[in-house]
Amino acid sequence: MATVSFPYATLCVQGIKDGVTSEALEAQFEHYGRVRNVNLAQNKNMKGVPDTRIALVEFARRDDARRAMQELNGRNVQGKCVMIRFARSSPGMRSAAPAVRVDSADRQPRVPASRQDMGIGGIVVSKDVRVVGICSDNDVTFTTFQRLRVGETQESQPGAAKAQRESPKPPKAAEPQRQPLAAGGVQLPGARPDLRSRLKATPHRESHEDTVFTTNLRETALLGQTKLRKHFFGDIYRQGNYVPLHPELFENPRENLKRWLAPSFIAAVSAGGGLKEALREDAPGIYSFELFNSEFCEKLLEEVTHAQQTAREALDRPNGMNRYGVVLNQLGLEPLITELQQEYLMPLMMALYPQEADGCRDHHCFIVRYKAGEDVGLDMHEDDADVTLNVCLGREFAGATLTFCGLVTDANHRKMQYTYSHEKGRAVLHLGRQRHGADDIESGERVNFILWSVSEKYRSSEAYQNHRLRSSSADPPDRICLSYTHDRDYTKFLPKPTKAQAISRGVMLDVVERRLEVYNRPVLDLSRPIDEINSVPSVCLFLEGLPPYRQHQLFQSLMEIAEEVHDSVGKQDGEVPSILFFVAVQPSGAVPQVRELCAVTASPALAILDVDKEQRYRWESDKDLEAPVLRDFVRDFREGKLKAEVIGSPEAEPPAEPMEAMPVEAPSGPSASTSSTGSRSPTEAPRTSCNLL
Ligand SMILES: O=C(O)CCC(=O)C(=O)O
Ligand SMILES: [Fe+2]
């Protein structure tokens with residue numbers, strides 16, 4: 001199956017100091033590449049708390065966004081330490097804990113108010129079509145990949161944009177009504193002006209990158225850890241805000257940890273290289289072994305109970321799904337966890353998962369708790385971890401098993417693989433991308449220790465990107481492997497859970513609601529298409545550069561047609577439409593790339609893209625593009641009367657900047673060498689005919 005490429009490049013920057021302007025932020029982020037837009041908004045959960053605003057910083061290039069994130073996350077941005085993630089998480093992937101405590105029942109997407117009625121391209125076309133700039137607290141993750149995959153848009157390719165600016169394609173003589181796209185993209189009335197020239201006058205930040213640790217991060221550095229954490233929540237013990245019950249858990253990890261490991265594990269470690277002997281392979285890729293002794297399990301349980309009694313307000317929930325538990329690094333156990341990860345687990349992880357574990361230095365470690373009236377289980381998911389370690393600390397319970405399904409990349413990712421029964425002190429080790437979920441507890445209370453290990457090296461590899469793509473040719477699902485949070489076809493197989501049921505199983509209701517809400521919009525924004533554009537035939541109407549009255553007129557017509565079509569097929573609320581409708585009013589985001597796929601250059605232009613079948617249908621006529629023409633074109637498509645072209649076929653009208661000219665080995669410049677999509681090894685899958693990645 002071909003997949004459209006889409007460079008998602010918006011960062012969510014949390015904790016912006018009051019008084020900082022979007023221009024100042026833009027100036028600082030522009031240092032890493034072209035910034036398209038900066039939007040500042042209040043963090044709704046932090047009303048009245050100073051210096052807690054959120055900025056959505058949209059880059060032209062994803063690689064630039066990533067670099068900015070890598071360099072500025074946890075550092076001083078405009079006078080304050082900020083936390084930076086990519087906005088929106090990849091489908092199916094759960095993220096780390098929100099940076100602020102939120103009540104899960106009230107976790108709605110936090111769309112900055114300024115964006116809510118903005119419409120497309122800055123004109124208010126309808127409240128049904130919105131630019132989706134999501135930066136919700138539980139929907140941030142530091143690496144984001146969408147199935148809607150990737151490739152650079154024309155303008156983000158070095159050389160391509162320049163070429164386009166220098167030699168705009170002349171209008172076709174036969175299309176008097178259509179206007180060519182102006183050089184470098186047309187500025188629509190009301191659209192944001194290009195700030196580049198203004199920014200040149202703004203001094204860049206000072207380059208003391210290694211000295212801009214905030215207080216918290218300096219304290220992390222005190223631990224000899226100069227590497228910044230991806231998921232960083234502070235350290236309340238070292239900040240003097242927590243008095244531990246068992247101080248030995250917090251100090252001298254090298255000496256102390258040894259005493260708390262299970263004898264069988266120590267024996268295996270001491271035998272040198274014989275770690276595998278201590279392992280049980282429960283299922284392919286899923287291993288378990290004795291790790292902690294009872295003394296440690298009990299000590300840690302007592303410490304966590306003490307922390308919840310004495311420092312509850314200072315502690316975040318463990319992650320975006322579990323509501324009960326704590327982040328152990330935040331409590332002050334990072335040195336202990338680092339010792340465990342680096343000295344004991346790494347050799348094992350390297351032996352079992354050489355690719356994913358290579359370079360694992362980062363971690364997010366937390367406790368989760370299940371019992372009646374709180375969280376009773378956990379919806380199916382994959383972790384925002386490369387390797388996950390999960391150890392039961394006890395208490396007494398029945399049920400509460402852990403079910404594993406397939407790897408998200410595999411067709412069997414919704415097939416049951418194995419049900420693991422937790423035992424106190426025993427660890428189960430698996431890849432983060434192994435789909436899994438916690439089965440409901442029947443009685444008692446279960447408390448587990450979860451360690452998510454993260455390798456920056458692996459995450460910057462192309463393998464990682466491929467590993468985050470959901471298999472689309474999935475086998476029919478086993479019910480237990482369905483995720484209400486992530487599977488859009490869930491209700492085909494199982495009844496919709498009640499809100500209370502969903503919450504008690506960690507369902508991310510805001511993710512579900514957002515998905516359903518998007519499906520209910522008749523027309524979507526082509527600059528940020530949903531990933532179903534890869535699998536559902538999509539009517540694409542290109543209106544960039546047209547006068548606003550024409551845009552309104554044609555958009556309105558498309559809206560009506562979309563509603564008619566959806567009514568005629570009896571589309572239900574929240575169901576994925578069988579035809580999607582997209583409109584482009586600005587040449588941004590995915591628009592240039594979709595134009596290339598559709599092989600259209602004029603404006604207005606109309607095409608239907610069927611990425612899955614690698615086909616497209618173009619509207620080509622001397623007639624003006626008006627409502628009846630639009631309607632006929634869509635009707636003819638539905639009746640199978642249109643002539644299909646193969647995407648990328650040679651007889652196609654050459655796009656302004658032909659795909660073939662887009663460098664696989666890009667010619668020069670930093671963006672070429674760092675592009676995550678720019679090159680492929682010869683062993684990887686061949687490109688499709690439309691030259692998509
Ligand atoms: O409850 C469990 O054992 C699993 C928890 C889990 O999968 C997670 O926190 O990511
Ligand atoms: Fe998990």
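First listed ligand is number 1; within each ligand, the first listed atom is number 1. Since this is a predicted model, take the numbers as computed values, not measurements.
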Has Asp235 got a side-chain atom pairing as donor or acceptor with Arg238's backbone, closer than 3.5 angstrom? yes
With a 4.0 Å cut-off on heavy atoms, is Met321 touching ligand 1? no
List ligand 1 atoms under 4.0 Å from Asp383, heavy atoms only on the residue side. 10 (O)
Which atoms of ligand 1 sit under 4.0 Å from any heavy atom of Asn322? 9 (O)
Taking NZ, NE, NH1 and NH2 as the nitrogens, is one of them in Asp384 or Arg459 under 4.0 Å from a carboxylate oxygen of the other? yes
Under 2.8 Å from the Fe ion (ligand 2), is there any N, O or S atom belonging to Asp383? yes
Around Lys457, counting heavy atoms of other residues, nucleotides and ligands shown, do more than 12 lie under 6.0 Å from its NZ? no
Under 4.0 Å, heavy atoms only, figure out whether ligand 1 is touched by the backbone of Leu378, its side chain, both or neither. side chain
Ring centres under 6.0 Å, that's the criterion: do Tyr370 and Phe397 meet it? no
Here the atoms of ligand 1 under 4.0 Å from any heavy atom belonging to Asn390 are 2 (C), 3 (O), 4 (C)
Look at the side chain of Glu303 and the backbone N and O of His246, then say whether any donor-acceptor pair between them is shorter than 3.5 Å. yes
Need the ligand 1 atom indices (1-based, order shown) with element for anything under 4.0 Å from a heavy-atom of Arg446. 1 (O), 2 (C), 3 (O)
